[in-house]
Amino acid sequence: GSDGLLPITSSRRGSSGLVETNNKAMFNFKIRTADNVGKNVLHSLRLMKDVLARHHEGLKIQIKPQEWNTEGVCTEALLVCKWGGWLTEAGEKQSTAMGANLIDRIYGSEVTRIPRYRLNVETNNERRVIGTAVAVSRKLVNDPTIDETCCTVNEELLGSTQDAKARMEAFAAEVKTVLHSHTPNEIKTYSHLPGIPAIINCPVLPMDRRSPFGALQTMHDMLQELLKFLPTDPTTHLYRDESVELMKRRWDNLATSFYQRKSNTYDTTKIPDVFDYVSYDVCYNQHIFAPYDMYPLFTLAETLSVFTSDGEFGLTTIEKRESASLFATPMLNRIHSDLHEMASSGVIPIKTKSTGSSPTTCAPTAAEVAKPVKSSSSSSTVPMRKSMHLYVTSESHLVGLRNLLYYNTVDPVLRLEEPMEMHFLAHIVFKVYRYPPTQQPHTNPHQQQSSNPSTTTTTPTGPAAEDGASQVAEDEDRFQVEVHFSPGVDKNMFGIVQEQHAEYASVTPMIRIHNNLKLSTLRQIVAEYETLQRESTDDGEDGTRST
């Protein structure tokens, strides 16, 4: 309630527009007395105090510079309190189950784990991403003591989408325009876009609101109705000890920010938040909303969210190709490098005639499972080449990688229904095999159902791969890559009692979207997008071609 001094690092705006730090300084700040402070500000401070007292996981306080004077010194800052990033109980169970299923599908029921030294795990720096990687890895190597030290944080490869920021902001504006269409001519103009027919025909919409804009109006009405059913008793128990006031605040903020009354428009970037909020509270605070049927809101939010999330990366094939090339090409290049290294390492199993379209699954030998391999020149243990690379990242990189595979002009994969929402534990898998010298690779590019899914960039290991090193000099076309895709966990929690959500919300079975992608072809796809990446980098800030 009085003037104060807060020791922080003074900030100046750098030439890049980012904040750069220099010498230590005392940052002057002033909090008005409780008599003069606005109700909203005072309420926010009290909520922050409540959060700090509860010691929520991932808690951090940030001061974000907002205004600078003519000398470039920060004069106004935004105080932010953030927390979260943990895995929920269902997330822990689902990640563990996924690790177990991958082991079973790759190696068979006789193997319960892979050697730790054969697994490479890389993530971005998000807590929830690292937590997911740890949970999956624990089951892959069958070691519950594994912690985040098993992960290598690779923010450059798996973190930023900054290079595509201008385009993605432009696409978000396009999505907003499309979703505000309501006249017959406007609807006809956009009806060809994947996802729009599903919005117009969403069963929860009244007949007089069968348009994208009508869907936004209906969602707003549903949110306003939901606010009436939020708890008022401060002793009400909520998941993770969330206070009743915090629950009310997050829902009220979402409902308020979704609709801009002055312009009679809607903030379509909030649609995925509505879907996530409904999914979360139905899963963990189901008892609170018993009197209110949240299923219509869930249905509408999911339908709108699928279009919104996919449209963020472009509405046309050209847009999707260019935006994905800017931030996902390095990931595809790394995957090709992993597969090429595996092809040169002698850990690639042979695909024989007897196995047909389902490759031979080879388990590690007993010696491999028991201990690392010894160097022939010394008694120290040396790391063996990896047979499984697990890259765990956020949705944006996975969507980008999928779009690179979908829309390449060299050898596109089987394109599934569009748009397709990606949920928790969505994954793309690359598996490499080789043909024996007497068997020519056959052309069978697209298989509908995967009988043997695994995790991103994997090769089964074992006796059948022992002579693989001698194949290094073989034509690269002898190495075959299978590509699989799963949209992740089915998030429809309705009709399931709360205690069983973790068990019932299982990962959607994988679809084989390419059965015979040659390594040489994958290298051509990478080269195609590297060229497009260089060309797209020359674009202007508004995302238009500068030439």
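Note that the numbering runs from 1 along the sequence shown for the chain.
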Give a yes or no on whether the backbone of T218 and the side-chain of H220 come within a donor-acceptor separation of less than 3.5 Å.
no
Would a distance-only check, ignoring hydrogens and angles, find a side-chain to backbone donor-acceptor pair under 3.5 Å from R138 to I146?
yes
Expected output: side-chain T299 to main-chain Y295 donor-acceptor under 3.5 Å:
yes
All side chain to side chain contact (heavy atoms under 4.5 Å, CB included) counterparts of A97, not counting sequence neighbours
none
Please assess N154 against T152 for the test side-chain hydrogen bond (donor to acceptor under 3.5 Å, both in side chains), listing each intermediate value before the final yes or no.
CA-CA 6 Å; N154 192 335; T152 300; over 6 Å; no
Using 30° and 60° as the class boundaries, would you call the ring planes of Y280 and Y284 parallel, tilted or perpendicular?
tilted
Quick one: does any side-chain atom of H180 pair with a main-chain N or O of Y266 as donor and acceptor, under 3.5 Å?
yes
Partner residues of E225 under the side-chain hydrogen bond (donor to acceptor under 3.5 Å, both in side chains) criterion, sequence neighbours left out:
K228
For D281 and W251, run side chain to side chain contact (heavy atoms under 4.5 Å, CB included): C-alpha distance rounded to whole Å, both residues' side-chain angles, the deciding distance at 0.1 Å, then the answer.
CA-CA 11 Å; D281 280 325; W251 273 110; 2.8 Å; yes
Check side-chain hydrogen bond (donor to acceptor under 3.5 Å, both in side chains) between E186 and all other residues, then give those that pass, not counting sequence neighbours.
T183
Would you indicate whether E148, at its atom CD, is surrounded by more than 12 heavy atoms from other residues, nucleotides or ligands within a distance under 6.0 Å?
no
Taking only residues two or more places apart in sequence, or in another chain, which ones meet E528 in a salt bridge (charged side-chain N to carboxylate O under 4.0 Å, His left out)?
R321
Test of ring centre spacing under 6.0 Å for F298 and F275
yes
What distance do T123 atom OG1 and I130 atom CD1 have between them, rounded to the nearest 0.5 Å?
4.0 Å
Is the count of non-hydrogen atoms from other residues, nucleotides or ligands lying under 6.0 Å from K165 atom NZ greater than 12?
no
salt_bridge(R250, D273) N-O dist < 4.0 Å:
no
Donor-acceptor check, side chain of Y529 to backbone of N408, threshold 3.5 angstrom: yes or no?
yes
Just by modelled atom types, is the T508 backbone N or O under 3.5 Å from a matching donor or acceptor in the S486 side chain?
yes
Going by salt bridge (charged side-chain N to carboxylate O under 4.0 Å, His left out), name the pairs with one or both residues in residues 119-135, residues two or more places apart or in two chains.
E57-R127, E122-R334, E126-R128
Kindly say whether H484 contributes a backbone atom to a donor-acceptor pair with the side chain of R512 at under 3.5 angstrom?
no
Apply the test side-chain hydrogen bond (donor to acceptor under 3.5 Å, both in side chains) to residues H397 and N124: give CA-CA distance (whole Å), side-chain angles for both, the deciding distance (0.1 Å), then the verdict.
CA-CA 11 Å; H397 278 72; N124 62 23; over 6 Å; no
Take Y239 and E89 through the test side chain to side chain contact (heavy atoms under 4.5 Å, CB included) and record every step on the way to the result.
CA-CA 10 Å; Y239 183 67; E89 294 174 23; 3.5 Å; yes
Return the set of residues passing side chain to side chain contact (heavy atoms under 4.5 Å, CB included) with K139 (not counting sequence neighbours), or none when no residue passes.
T96, A100
Could you tell me which residues satisfy side-chain hydrogen bond (donor to acceptor under 3.5 Å, both in side chains) with T177, sequence neighbours excluded, listed by chain and number?
none
Assess whether side chain to side chain contact (heavy atoms under 4.5 Å, CB included) is satisfied between L226 and M294, documenting all intermediate values.
CA-CA 8 Å; L226 179 145; M294 294 183 74; 3.6 Å; yes
Check against side chain to side chain contact (heavy atoms under 4.5 Å, CB included), L405 and I525
CA-CA 8 Å; L405 296 171; I525 295 173; 5.5 Å; no
Going by atom type alone, with no hydrogens or angles, which donor-acceptor pairs under 3.5 Å involve a side-chain atom of residues 189-197 and a protein atom two or more places apart or on another chain?
{"residue": "T189", "atom": "OG1", "partner": "N185", "partner atom": "O", "Å": "2.8"}
{"residue": "S191", "atom": "OG", "partner": "K188", "partner atom": "O", "Å": "3.1"}
{"residue": "H192", "atom": "ND1", "partner": "T189", "partner atom": "O", "Å": "3.1"}

Donor-acceptor pair, side chain of R116 and main chain of L119, under 3.5 angstrom
yes
Hey, does the side chain of S323 reach the backbone of F313 with a donor-acceptor pair shorter than 3.5 angstrom?
yes
Please enumerate all residues that pass salt bridge (charged side-chain N to carboxylate O under 4.0 Å, His left out) together with E319, with sequence neighbours excluded.
none
Can a donor-acceptor pair be found between the side chains of T145 and D143 at a distance below 3.5 Å?
yes
Heavy atoms only: give me the nearest L140-G99 pair and the separation to one decimal.
CD2-O, 3.6 Å
Verify whether one side chain among N516 and Y433 offers a donor that lies under 3.5 Å from an acceptor in the other.
no
Do any N or O atoms from the side chain of E174 and from the backbone of L315 form a donor-acceptor pair under 3.5 angstrom?
no
For E421, what residues pass the salt bridge (charged side-chain N to carboxylate O under 4.0 Å, His left out) criterion, not counting sequence neighbours?
none
Do any pairs count as a side-chain hydrogen bond (donor to acceptor under 3.5 Å, both in side chains) and have a residue in residues 305-314, sequence neighbours left out, and if so which ones?
D310-K320, D310-R402
Is the shortest side-chain N to carboxylate O distance from D276 to K270 below 4.0 Å?
no
Which residues pass the salt bridge (charged side-chain N to carboxylate O under 4.0 Å, His left out) test with R210, sequence neighbours left out?
none
